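Data block below; observations after.
All figures in this text were calculated on a predicted structure; none of them were measured in a lab. Every heavy atom of this structure was used, including side-chain atoms; hydrogens, water molecules and symmetry mates were not.
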Amino acid sequence: MDSSLTGRAKAEHFHTVTPLLESWALSQVAGMTVFLKCENVQPAGSFKIRGIGHFCQEMAKKGCRHLVCSSGGNAGIAAAYAARKLGIPATIVLPEGTSLQVVRRLQGEGAEVQLTGKVWDEASLKAQELATRDGWVNVPPFDHPLIWEGHASLVRELKAALGTPPGALVLAVGGGGLLAGVSAGLAEVGWQHVPIIAVETQGAHCFNAAIKAGRLVTLPDITSVAKSLGAKTVAARALACMQELEIISEVVEDVQAVSAVQQFLDDERMLVEPACGAALAVIYSGLLGRLQAEGRLCPSLASVVVIVCGGNNIDGGGLQALKAQLGQS
C-alpha cells in the first residue's frame, strides 16, 4: 500500500497486516503450538494504530481539523502517525513522567507535545478541555466503539491465516480497548467460543478489580512498572464482554512480566514493553498449564495465540533498569 499519496491514505487503513509466527521456543515451554501475532511490527509500534487509525480516519471524514490525544505513549504515537498521514495537526498530552524517548518520537511524527499531571487520568482531563475548541477532536486511547471496530481487524487476520480457531487467545489489558475489539472480532468471524486469557500486572489491574467487585473500580494509583497498562478504570465495554464470551482474567507480578520481556528477547530477538510481557508471562510463568490443571482451560488445547501488542517505551537500557529496579540480575 502506498500511503504516501494522501488521497489514497484517506481511503485505506493505516495499519499493516502483521505476521503470525509459530514460535518454537514458546511452544516448547507451553507444551503446545504457540502462535505470535506480531503487532510490535505495526508502523506506529503497537496494535493501537488499528483502532486509532480507524477512529482518526472517520473523524477526518466528518471535518475534524485538529486531533488531540492523551496517552502514556503508544496511543499518542498512533494518533500522531494517523494525523500525519491525514495531513491534520495533532497535540498529544502526556503525564509529566513520560520518557524523553517517547516525546522525541511524537515530535518526530510532527505532533505538538504538552506534559501535564502525574498520571494518564490527569492528562486525559487536559485533552478533553482542548477538544472543546472548534474543529478539535479528542482521540480516546481505548474507550470508543470506532476504536474497538478498528482493533477487530486483528481477528479477521487470524481467521485468514489460521482458518480454524485456536484453542485460546492471550492478550494484555490496560484500558480494555484491545479486549473489546478482539471480542467484537471473535463474534464477527464466528469464533466466540474461543476463550480469552486477559492479563494485567499487579498495580495496573483495573479489569480484574472490576470483575471481583462486579462493577467498575478506580484504582487509587498505578504502581506497576507496566505503565502502558496504566488506566485506573477499565472501559465499561470490557466488563460487558464478560457476559458474552469466555474471558479468564489473570494478574501477574511485575517481576514475571519483565522476566518474560527478557526471555522473549532471548528467544525471538524482539524487544517489547512490560505491558506486552504481561501477556507473554502466561506462557513463560507456567500460568497456561496451571489454568489447564485447575480445569479453567481445556486440558487438550492444541494451540494458543499470544497477541504481541508491542510498545515503544522500551530499549536495552530501559530493560536493564527495570530488572535492577525489580531485583533481577
Side-chain angles (χ1 to χ4, degrees), residues 23 26 29-30 34-40 45-48 72-75 120 141-142 151 154 168-182 195-212 219 221-235 238 241 247-268 270-291 296-297 304-314 318-319 321-323 325-326 328:
S23 168
L26 276 91
V29 175
V34 176
F35 292 104
L36 305 170
K37 183 60 171 156
C38 296
E39 292 296 291
N40 53 315
S46 82
F47 76 94
K48 292 275 188 185
N74 297 315
W120 175 76
F142 55 83
H151 292 334
L154 189 153
L169 263 173
V170 181
L171 54 79
V173 174
L178 179 60
L179 175 63
V182 165
I196 299 172
I197 303 165
V199 200
E200 298 170 284
T201 47
Q202 186 66 42
H205 57 289
C206 60
F207 182 53
N208 189 264
I211 291 167
K212 285 185 173 156
L219 298 178
D221 203 9
I222 300 298
T223 55
S224 169
V225 298
K227 295 302 174 204
S228 290
L229 300 184
K232 288 191 193 173
T233 314
V234 77
C241 290
I247 298 172
I248 301 167
S249 167
E250 288 293 323
V251 178
V252 298
E253 297 295 331
D254 275 350
V255 169
Q256 293 173 306
V258 172
S259 167
V261 169
Q262 179 65 61
Q263 285 177 274
F264 190 63
L265 177 60
D266 295 342
D267 285 341
E268 299 294 338
M270 291 193 275
L271 181 59
V272 295
E273 280 188 28
C276 183
L280 294 164
V282 170
I283 309 292
Y284 286 123
S285 73
L287 179 57
L288 191 66
R290 286 200 295 281
L291 290 171
R296 294 173 64 200
L297 206 54
V304 61
V305 171
V306 180
I307 298 177
V308 182
C309 50
N312 296 282
N313 207 359
I314 190 79
L319 177 56
L322 284 168
K323 285 165 69 178
Q325 184 186 335
L326 297 168
Q328 295 173 302

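For Glu200, the salt bridge (Lys or Arg N to Asp or Glu O under 4.0 Å) criterion is met by no residue, not counting sequence neighbours. With sequence neighbours excluded, the residues satisfying side-chain hydrogen bond (donor to acceptor under 3.5 Å, both in side chains) with Asn312 are Asn74, Arg105. Partners of Phe264 under the ring-ring contact (aromatic ring centres under 6.0 Å, His included) rule, at least two apart in sequence or in another chain, do not exist in this structure. Residues passing the side-chain hydrogen bond (donor to acceptor under 3.5 Å, both in side chains) test with Ser46: none are found, sequence neighbours excluded. Checked against side chain to side chain contact (heavy atoms under 4.5 Å, CB included), Ala260 has the following partners two or more places apart in sequence or in another chain: Leu280, Ala281, Tyr284. Among residues two or more places apart in sequence or in another chain, the side chain to side chain contact (heavy atoms under 4.5 Å, CB included) test is passed with Arg290 by Ser285, Leu287, Glu294. Scanning for side chain to side chain contact (heavy atoms under 4.5 Å, CB included) contacts around Val251 gives Gln202, His205, Asn208, with sequence neighbours left out. Remark: Leu326 pairs with Val225, Asp254, Val255, Val258, Gln328 by the side chain to side chain contact (heavy atoms under 4.5 Å, CB included) rule, at least two apart or across chains. Remark: Phe207 pairs with no residue by the ring-ring contact (aromatic ring centres under 6.0 Å, His included) rule, at least two apart or across chains.
Note that the CG atom of Asn313 and the NZ atom of Lys227 stand 10.5 Å from one another [nearest 0.5 Å]. Atom-to-atom distance recorded for Ile248:CD1 and Leu291:CG is 5.5 Å, nearest 0.5 angstrom. Residue Phe47 holds its CZ atom at 4.5 Å from CG of Leu178, rounded to the nearest 0.5 Å. For the atom pair Thr201 OG1 and Gln256 CD, the distance stands at 10.5 Å (nearest 0.5 Å).
The minimum heavy-atom distance between Cys276 and Cys309, with the atom names listed, is SG-N, 3.4 Å. A pairwise comparison of heavy atoms in Pro274 and Leu322 identifies CG-CD1, 3.5 Å as the closest pair. Shortest non-hydrogen contact noted between Ile283 and Val304 is CD1-CG1, 4.1 Å. What you find for Ser249 and Ile211 is that their closest heavy atoms are CB-CD1, 3.4 Å. Of all non-hydrogen atoms in Val234 and Gly174, the two that sit nearest each other are CG2-O, 4.4 Å. Minimum interatomic distance between Cys206 and Leu219 (heavy atoms only, all atoms of both residues): N-CD1, 3.6 Å.
Results of the side-chain contact (heavy atoms from CB on, under 4.5 Å) test with Val170 over Ile196, Ile307, Val306 single out Val306 as the only residue that passes.
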- prompt: Given the rule in the side chain to side chain contact (heavy atoms under 4.5 Å, CB included) test, do Leu36 and Glu268 qualify, once you have shown the distances and angles that lead to the verdict?
  reply: CA-CA 10 Å; Leu36 305 170; Glu268 299 294 338; 4.1 Å; yes
Evaluate Ile314 against Leu319 for side chain to side chain contact (heavy atoms under 4.5 Å, CB included), listing each step before the verdict. CA-CA 7 Å; Ile314 190 79; Leu319 177 56; 4.3 Å; yes
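Between Ile197 and Leu297 the shortest side-chain heavy-atom distance falls below 4.5 Å. Side-chain contact between Glu273 and Val261 is absent, with no heavy-atom pair separated by less than 4.5 Å. For the pair Leu154/Lys37, a side-chain contact is recorded, criterion being any heavy-atom separation below 4.5 Å from C-beta on.
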